[in-house]
Novice: 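Before I ask anything, here is the structure I am working with.
Quick note on labels: first sequence line is chain A, next is B, and so on, each numbered from 1.
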Number of protein chains: 2
Amino acid sequence: MTIRIVLADDERMVRTALRAILTAEPGLEVVGEAATGAEAVSVVRELAPDVVLMDVRMPEIDGIRATEQILATLPDPPRIVVVTTFENDAYVYEALRAGASGFLLKRADADALVQAVRLVAHSDCLLFPAAVRALATEYGRAKTAPPAWVARLTGRESEVLRLMAAGLTNAEIAGRMGVGPATVKTHVAAVLAKTATRDRTQAVIAAYEAGFMKDV
Amino acid sequence: MTIRIVLADDERMVRTALRAILTAEPGLEVVGEAATGAEAVSVVRELAPDVVLMDVRMPEIDGIRATEQILATLPDPPRIVVVTTFENDAYVYEALRAGASGFLLKRADADALVQAVRLVAHSDCLLFPAAVRALATEYGRAKTAPPAWVARLTGRESEVLRLMAAGLTNAEIAGRMGVGPATVKTHVAAVLAKTATRDRTQAVIAAYEAGFMKDV
DNA sequence: TCCTCCCTCCCCCGTGCGGCGGAGGCGGAT
DNA sequence: ATCCGCCTCCGCCGCACGGGGGAGGGAGGA
């Protein structure tokens, strides 16, 4: 009942290091390696391992496509763990959405690595099931960096934009903020200028796209 | 360097079972138990464990609030793993957002439980860090069911709403759709009626809130 | 067949909106 | 003491917008 592992990483040193760590563990066995995404797909297809440690950034086919292809073409696919250097690697979310079971930082220590592999292999337990994939799916669309204009808005202007995005008219905003309608118009004009939009509707769209309305 | 664990669950049997599994493992030690959320907070504050296994559904204070309080009040808080029966428990997402490090299904086998605890205790590796919390945060807002009006929109009306939400004026929409401006106005009026909004801005807001713009 | 729904387009009318230019006060930076 | 950014407000103007009607044609079901 040993766990059979395939390593996919374009750097030989990484593969060697991972192999050294994993083969030292009883119950774990590295059965194959791949240096590209395409290679990973074919190797996995041949060897049918239990777990694949997959680098995201690889030549030819990246880890995401490889993950997709493996999961799509194999009847009983292995658990795929995405390995990455950066915690906030955008590819990670793509990979999770593609069906990877989890991700692992390259700076993780040997102990954590081994336990992660064991955990994933048995799985059906920790975070991984449908939940994470759903999370990742939803997350993907929200992960755009906030545009520069957000910071340029003055206090009053953000306030006005927020109320615009709540569907209020200028008069209502004026009432809500305790100022005259003319003042609101001034702020609105400033918002339109800074967001590079031509009317309140576009401004509201920009606010939503920018994640400006996160705290609804 | 043993991992000190606190169990929080209102059912004695569950606590007993977990304790039996965990104490059998070398390197793990159950140092305390709690039957309510409030009790969990005070017990954790006293014992400063490394890991807390927290049931979500508990009397008085539920697991989410308890998690919040623990993380808010303690300087060096423990890792909190939420334990639940149902895979799709809505509370799980709340808990993750509150700062829990992961979640665990009650039907997980002993082996997985032990490995999960070990993993979380050392952490900094698998899925848990900022990523999951961000995912959970985003997930929460996207998980609202689409309102009824979405289905009531006719083909042309949805098209118009989509273009409204792209920031186009009626004239532009007319050009884009190859119809007269008057027609667009009719459709817009229909959209406003069906979405129960009074102007295009509110309609666009409704579209965004309804997840109508998911496929941007 | 008739009726209903959808799409298409027309008129008029009031108004909220946004562009333009100007003004005063208040605070911080230089 | 000067300048600049922010907030506050004023007028005027043109226009896109939205409400209220009405009207015709095509598709599909009762």
Novice: Please report the distance, rounded to the nearest Å, between CG in A:Leu168 and P in C:dG16.
Specialist: 14 Å
Novice: Let me know the distance between CE of B:Met177 and P of C:dC6, rounded to the nearest Å.
Specialist: 15 Å
Novice: By nearest nucleotide on DNA chain C, pick out whichever of B:Asp199 and B:Gly180 is the more 5' one.
Specialist: B:Gly180
Novice: What is the distance, rounded to the nearest whole Å, between atom CG of A:Leu161 and atom P of D:dC7?
Specialist: 14 Å
Novice: Look at the side chain of A:Thr197 and the backbone N and O of A:Ala193, then say whether any donor-acceptor pair between them is shorter than 3.5 Å.
Specialist: no
Novice: Report yes if the side chains of A:Glu159 and A:Arg162 come closer than 4.5 Å at any heavy-atom pair, otherwise no.
Specialist: no
Novice: Picking from C:dG18, C:dT8, D:dC9, which would you name as closest to the side chain of A:Thr186?
Specialist: D:dC9
Novice: Nearest whole Å is fine: how far is D:dC17 C1' from B:Met164 CE?
Specialist: 12 Å
Novice: Categorize A:Thr183 for me: base, sugar-phosphate, or nothing, with a 4.0 angstrom heavy-atom threshold over every strand shown.
Specialist: base
Novice: Looking only at the side chain of B:Asn170 (C-beta and beyond, no hydrogens), which of the listed nucleotides D:dC7, C:dG18, D:dG18 gets closest?
Specialist: D:dG18
Novice: B:Arg200 side chain N/O closer than 4.0 Å to the phosphate oxygens (OP1, OP2) of D:dG18?
Specialist: yes
Novice: Can you tell which of C:dC17, D:dT8, D:dA16 lies closest to the side chain of B:Thr169?
Specialist: D:dA16
Novice: Whole angstrom is fine here: how far is it from CZ in A:Arg198 over to C1' in D:dA16?
Specialist: 11 Å
Novice: Measure from the side chain of A:Lys185, starting at C-beta and using heavy atoms only, and say which of D:dC17, C:dC17, D:dT8 lies closest.
Specialist: C:dC17
Novice: Give a yes or no on whether a salt bridge exists between B:Glu68 and B:Arg65, defined as a side-chain N under 4.0 angstrom from a carboxylate O.
Specialist: no
Novice: If you check every side-chain atom of B:Ala189, which of D:dG19, C:dT8, D:dC17 has the closest atom?
Specialist: D:dG19
Novice: Whole angstrom is fine here: how far is it from CG in A:Leu163 over to P in C:dG16?
Specialist: 18 Å
Novice: Quick check for you: among C:dC9, D:dG18, D:dA16, whose closest atom lies nearest to any side-chain atom of B:Ala182?
Specialist: C:dC9
Novice: Taking only side-chain N and O atoms of B:His187, does any of them lie within less than 4.0 angstrom of OP1 or OP2 on C:dT8?
Specialist: yes
Novice: Should the heavy atoms of other residues, nucleotides or ligands under 6.0 Å from CZ of B:Arg198 be counted, would the total exceed 12?
Specialist: yes
Novice: Only one of B:Val51, B:Asp50, B:Ile70 passes side-chain contact (heavy atoms from CB on, under 4.5 Å) with B:Pro78; say which it is.
Specialist: B:Ile70
Novice: Distance check needed: D:dG20 P versus B:Leu192 CG, whole Å only.
Specialist: 11 Å
Novice: Which nucleotide sits closest to the side chain of B:Val179: D:dC7, C:dG18, C:dC9?
Specialist: C:dC9
Novice: Whole angstrom is fine here: how far is it from CZ in B:Arg156 over to P in C:dC9?
Specialist: 9 Å
